[in-house]
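Below, chain A is the first sequence line, B the second, and so on; all start at residue 1.
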Protein chains: 2
Amino acid sequence: MSAAVTSRGTAPVTIRAMESSSTAPGGSTRREATRQKLYEAAVTLIAEQGFSATTVDEIAERAGVAKGTVYYNFASKSVLFEELLRHGVGLLAASLREAAEKTARDGGSKVDALDAMVRAGLVFIDRYPAFTQLYVAEMWRTNRAWQSTLMVVRQQAVAVVEDVLREGVEGGEFSDEIDVPLTASALVGMVLVAALDWQSFQPERSLDDVHAALSRLLQGRVSGPGRG
Amino acid sequence: MSAAVTSRGTAPVTIRAMESSSTAPGGSTRREATRQKLYEAAVTLIAEQGFSATTVDEIAERAGVAKGTVYYNFASKSVLFEELLRHGVGLLAASLREAAEKTARDGGSKVDALDAMVRAGLVFIDRYPAFTQLYVAEMWRTNRAWQSTLMVVRQQAVAVVEDVLREGVEGGEFSDEIDVPLTASALVGMVLVAALDWQSFQPERSLDDVHAALSRLLQGRVSGPGRG
DNA sequence: AAATTTGAACTGACTGGTCAGTGCAAAAAC
DNA sequence: GTTTTTGCACTGACCAGTCAGTTCAAATTT
């Protein structure tokens, strides 16, 4: 397992995240399309079964590609998985940051920013449920090859929430007694688990509906009878 | 696989939970001790590596027992895992229920009850971190043999939270607009993720400290400067 | 109370199957 | 004509589950 590829002369198999097409303007080479198909196949299967229980043959078959192609494009099963993780969390972090920035541009408060991020999180989980399942399943494991990748990738996403909280404290909108990292974790957990339960047990509910329920909790509009 | 044992005339290998020692009064047989050792070994390994990546040989070795003993005590690797799940969540649900009931006896409000349950959850996770990791990792998977076991077991724990919320709504302490199941999920997620991040990234922090931070969030004491 | 029997509990070598990864020649795509 | 994909046979390691045999404490016999 150690020596990786090296042998089969031709393939680059570098771990760069994207681009690097020939010289074409658009970018998207044939190879990129194949890799995308493999990501999609792998994310579903691994979310359902877990990494170890998912075979490379299955991934290839689901992607409609020969097994050799998997190894032409990725150095190993683990590398495919790691790149998949980076790819997915990159999307999430960008989406969260975008939501926070838009709120700021529109002159919203920090609570508004948090609320917008909750919604962005829900939209992401709604669009990529398999990725989310897989992320949750692997995040708190120890002794795994991609442990460090996960840490980096996690921090990327959580940091966006922490930044908003910190700015809120500095601006006097939030109590300076809140514990920023822990509160950020708790908020992420709230959205994550609520969304996964939504997908698993009440998939027919609308995103707006779920978002409303979480907003209420986030803004402490829980106590009190009538219209809280 | 199907016919199970039968042959070796002697061994029962039934999946009965306990007792049935010779005639001894106490109860706790040798077998029970062995099963306990196997639970402990399995929970750690599976939390670290996942179910599929953990071999029965590893479990046996860690438990200081021969592989055959695993199969003498459990019908299969999956069955061992399922019984482990039931065993663990049973403990959690009991602990949560106990916390809620004690608060009620002491004349506390429903918010107090929720707060007590948050603490009970933290204590549980602190005591059985491996079990918690394993639970989170398997909960939202699909197409797994123990899917139904997990559903039952999840509901057992979440229902306790839902009950308190529902009672709070009926008693007028909580808004009747809250979405009970979803809010319960969100609360569980909040505690779960905050606690796992605590264990993973700041294990030196005290439970009281973490509990205080979550209490603040739970009670909406986040907004506002100074002492919120 | 020593000798014998019983059987639940345990052992570990073994088996049959599975799977990650390789190698390569020929085809297809670009 | 170069890059990428295909198809398929092959290897070597690994692993769930099996089973014939061992252990030993308690029960029974003498």
Side-chain angles (χ1 to χ4, degrees), chain A residues 1-14 20-24 26-38 41-42 45-46 49-61 63-81 145, chain B residues 1-14 16 18-26 28-38 42 45-46 49-61 63-81 145:
Chain A
M1 46 166 80
S2 48
V5 178
T6 66
S7 56
R8 205 150 77 299
T10 52
V13 183
T14 35
S20 86
S21 65
S22 50
T23 52
S28 170
T29 44
R30 181 151 79 110
R31 209 160 168 200
E32 211 46 50
T34 303
R35 291 168 71 105
Q36 188 63 37
K37 277 194 294 183
L38 285 169
L45 289 165
I46 297 178
Q49 308 176 324
F51 176 81
S52 307
T54 301
T55 68
V56 174
D57 287 289
E58 280 177 314
I59 295 173
E61 191 191 343
V65 143
K67 187 180 186 177
T69 305
V70 176
Y71 285 94
Y72 184 76
N73 283 280
F74 298 95
S76 69
K77 188 186 169 189
S78 309
V79 168
L80 163 56
F81 182 60
Chain B
M1 42 176 83
S2 48
V5 178
T6 66
S7 58
R8 196 148 83 308
T10 54
V13 183
T14 34
R16 333 200 84 266
M18 49 194 69
E19 78 279 271
S20 86
S21 64
S22 49
T23 51
S28 169
T29 48
R30 180 147 80 112
R31 204 157 172 204
E32 210 46 52
T34 303
R35 291 169 72 105
Q36 189 62 38
K37 277 195 292 183
L38 285 170
L45 289 165
I46 297 178
Q49 307 176 324
F51 176 82
S52 307
T54 301
T55 68
V56 174
D57 287 287
E58 281 177 313
I59 296 174
E61 192 191 343
V65 143
K67 186 179 192 174
T69 304
V70 176
Y71 286 94
Y72 182 76
N73 283 280
F74 298 95
S76 69
K77 188 185 169 189
S78 310
V79 168
L80 163 55
F81 183 59

Can a side chain N or O of B:Thr34 be found less than 4.0 Å away from OP1 or OP2 on C:dC10? yes
Please give, in whole Å, the distance from [N] [atom2] to [X] [atom1]?
{"X": "A:Phe81", "N": "C:dA20", "atom1": "CZ", "atom2": "P", "result": "14 Å"}
{"X": "A:Phe51", "N": "C:dA20", "atom1": "CZ", "atom2": "P", "result": "8 Å"}
{"X": "A:Tyr72", "N": "C:dA29", "atom1": "OH", "atom2": "P", "result": "16 Å"}
{"X": "B:Glu61", "N": "D:dA16", "atom1": "CD", "atom2": "P", "result": "14 Å"}
{"X": "B:Lys37", "N": "C:dT11", "atom1": "NZ", "atom2": "C1'", "result": "13 Å"}
{"X": "A:Phe74", "N": "D:dT5", "atom1": "CZ", "atom2": "P", "result": "10 Å"}
{"X": "A:Asp57", "N": "C:dC19", "atom1": "CG", "atom2": "C1'", "result": "7 Å"}
{"X": "B:Arg35", "N": "C:dA8", "atom1": "CZ", "atom2": "C1'", "result": "14 Å"}

Residue [X], side-chain heavy atoms: nucleotide from [options] that is nearest:
{"X": "B:Arg31", "options": "D:dT18, C:dA9, C:dG21", "answer": "C:dA9"}
{"X": "A:Asn73", "options": "C:dG12, D:dT5, D:dA16", "answer": "D:dT5"}
{"X": "A:Thr55", "options": "C:dG12, D:dT6, C:dC19", "answer": "C:dC19"}

For [X], report the nucleic acid contact type (base, sugar-phosphate, nothing); a contact means any heavy atom under 4.0 Å.
{"X": "B:Thr69", "answer": "base"}
{"X": "B:Val70", "answer": "nothing"}
{"X": "B:Thr54", "answer": "sugar-phosphate"}

Does A:Lys67 contact C:dG21 through a side-chain donor or acceptor facing the base, at a distance under 3.5 Å? yes
Among all residues two or more places apart in sequence or in another chain, which pass the side chain to side chain contact (heavy atoms under 4.5 Å, CB included) test with B:Glu61? none
What residues form a salt bridge (Lys or Arg N to Asp or Glu O under 4.0 Å) with A:Lys67, not counting sequence neighbours? A:Asp57
To the closest 0.5 Å, what do you measure between [atom1] ([X]) and [atom2] ([Y])?
{"X": "B:Phe81", "Y": "B:Ile59", "atom1": "CZ", "atom2": "CD1", "value": "10.0 Å"}
{"X": "A:Asn73", "Y": "A:Arg35", "atom1": "CG", "atom2": "CZ", "value": "6.0 Å"}
{"X": "B:Tyr72", "Y": "B:Arg31", "atom1": "OH", "atom2": "CZ", "value": "5.0 Å"}

Nearest heavy atom decides the nucleotide; on that basis, is B:Ala53 or A:Ala66 closer to the 5' end of DNA chain D? A:Ala66
